[in-house]
S.K.: 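Have a look at this one.
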There are 2 protein chains.
Amino acid sequence: MRPEERAQRLLQELERHGYRTTPQREAVCQALAYHGGHPSAAEIVEAVRPQGIGQATVYNTITALEKLGVIQAMPLNTDEHTRYDLDTTPHVNVVCSTCGAILDCHAPQLDLLLAQLASQVGTSFESANVVVYGRCQQCQRTQLVA
Amino acid sequence: MRPEERAQRLLQELERHGYRTTPQREAVCQALAYHGGHPSAAEIVEAVRPQGIGQATVYNTITALEKLGVIQAMPLNTDEHTRYDLDTTPHVNVVCSTCGAILDCHAPQLDLLLAQLASQVGTSFESANVVVYGRCQQCQRTQLVA
DNA sequence: TACTCTATTGAGAATCATTCTAAGTTTAGG
DNA sequence: CCTAAACTTAGAATGATTCTCAATAGAGTA
Ligand SMILES: [Mn+2]
Ligand SMILES: [Mn+2]
Ligand SMILES: [Zn+2]
Ligand SMILES: [Zn+2]
């Protein structure tokens, strides 16, 4: 999905739940969508600051989107701030413990695991947050050279 | 593994890496081991306060254990504080989004998933943090009644 | 248009988990 | 004993997030 489409989807979801569409919310949704990766609140605050948008509004919008389940909080233990995932379908987030890069991996195995777990434990799952810490290929190469 | 054993293992691991065994560290390790679930730093601070142990020491000890890889930080997005897992082997943590209970699920599927991912992405993984949010059986029943 | 009522915004203050500082205490080794 | 390094801890600092509340914008209405 293209960034512009994604931004629209975020706004639509807000509207669908009674939130007004405002220039500020539009800017926040666009910043989220155009980030491309796993944005942190601070990064979005930074991105929309030139447009004179306050941090309270950024946090409010992000929290609203999170409550609607259209984005997902993703706290990490390497980084100080929580990051957000625009992809709420279950997938593995591979976090490089050296450079912090985050790589998405959609493995069918994960869906199997969750399905099996659901039937076993007898619960319906709302969301999954799968994070694996390792070293990305680039950092692995760098380490070998050094 | 019994709590007392676990506490010993934590201390041994500290000692093995050059940390002295002190009464404070002993108390912190015991509090961690006897917690039974997934303790937060605040809970440990609380648990050892009667023994006159300061929060700085608790945080220092926990951070040391975490660096040694013998416990693992587990930030959640339901709760405000990071929790710690004494079981660092990959497993699914099922978090009840209603009551906050955390259930460990060791599913062989997960090991398969990680192995496959490692060969696919070409990285060796250091640790995994798998959290699934849902509703525990007890809260599910309560909801049905209400 | 003019008005009203509610949602929204945002600067700045407050909160709160975690980290840092710095001064005192312990201890291993000689 | 000495000494140097490790350890402890009260309290201050930090920093992400949340809250407050006065000002603003906008939708619906007359
Ligand atoms: Mn992701
Ligand atoms: Mn666990
Ligand atoms: Zn990397
Ligand atoms: Zn529950």
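Fair warning: this is a prediction, and the values are worked out from it, not measured in the lab. Below, chain A is the first sequence line, B the second, and so on; all start at residue 1.
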S.K.: Applying a strict under-4.5 Å side-chain criterion to I, L, V, M, F, W and Y, I'd like to know whether B:Leu10 and B:Met74 cluster together.
M.R.: no
S.K.: Is the distance from OP1 or OP2 of D:dT17 to the nearest side-chain N or O of A:Thr82 less than 4.0 Å?
M.R.: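 Indeed, a polar side-chain atom of A:Thr82 lies that close.
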S.K.: Figure out the CE/P separation between A:Met74 and D:dT17, and round it to whole Å.
M.R.: 14 Å
S.K.: Once you round it to whole Å, what is the distance between P of C:dA11 and CZ of A:Arg49?
M.R.: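 Going from A:Arg49 (CZ) to C:dA11 (P), I get 10 Å.
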S.K.: Under 4.0 Å, heavy atoms only, any strand: does B:Ala42 hit a base, just the sugar-phosphate, or nothing?
M.R.: nothing
S.K.: In whole angstrom, what separates A:His81's NE2 from C:dC16's P?
M.R.: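 Spelled out: NE2 on A:His81 to P on C:dC16 is 22 Å.
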S.K.: I need the OH-P distance between A:Tyr59 and C:dG12, as an integer number of Å.
M.R.: 17 Å
S.K.: Rounding to an integer number of Å, can you tell me how far B:Glu66 CD sits from C:dT18 C1'?
M.R.: 12 Å
S.K.: Between B:Glu126 and A:Ser97, do the side chains contain an N or O donor and an N or O acceptor separated by less than 3.5 Å?
M.R.: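 Yes, A:Ser97 and B:Glu126 have a side-chain donor paired with an acceptor closer than 3.5 Å.
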S.K.: Please determine whether residues A:Val28 and A:Leu86 belong to a single hydrophobic cluster, defined as Ile, Leu, Val, Met, Phe, Trp and Tyr linked transitively by side-chain heavy-atom distances below 4.5 Å.
M.R.: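 As far as the 4.5 Å side-chain criterion goes, A:Leu86 and A:Val28 are connected within one cluster.
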S.K.: Starting at the 5' end of nucleotides 5-14 of chain D, put B wherever the base has a protein heavy atom under 4.0 Å, S where only the sugar-phosphate does, and a dash everywhere else.
M.R.: -SSSBB-B--
S.K.: Can you pull out every side chain to side chain donor-acceptor pair (under 3.5 Å) where at least one residue sits in residues 1-16 of chain A? Sequence neighbours excluded, please.
M.R.: A:Arg2-A:Glu5, A:Glu4-A:Gln8, A:Glu4-A:Tyr34, A:Glu13-A:Arg16, A:Glu15-A:Thr21
S.K.: Just the rounded figure in Å: distance from C1' of C:dT27 to CD of B:Glu26.
M.R.: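 So the CD-C1' distance, B:Glu26 to C:dT27, works out to 15 Å.
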S.K.: Can you tell me the distance, in whole Å, between the CG atom of A:Leu76 and the P atom of C:dT18?
M.R.: 15 Å
S.K.: Which pairs with one or both residues in residues 104-116 of chain B pass side chain to side chain donor-acceptor pair (under 3.5 Å), sequence neighbours excluded?
M.R.: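 Of all non-adjacent pairs touching residues 104-116 of chain B, those that pass side chain to side chain donor-acceptor pair (under 3.5 Å) are A:Gln109-B:Gln116, A:Gln116-B:Gln109, B:His38-B:Asp104, B:Asp87-B:His106, B:His91-B:Asp104.
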S.K.: When the distance from CD of B:Glu43 to C1' of C:dT18 is rounded to whole Å, what number comes out?
M.R.: 16 Å
S.K.: Here's a test for you: under side chain to side chain contact (heavy atoms under 4.5 Å, CB included), which of A:Leu110, A:Leu112, A:Val132 qualifies with B:Leu113?
M.R.: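 Testing each of A:Leu110, A:Leu112, A:Val132 against B:Leu113, the sole residue satisfying side chain to side chain contact (heavy atoms under 4.5 Å, CB included) is A:Leu110.
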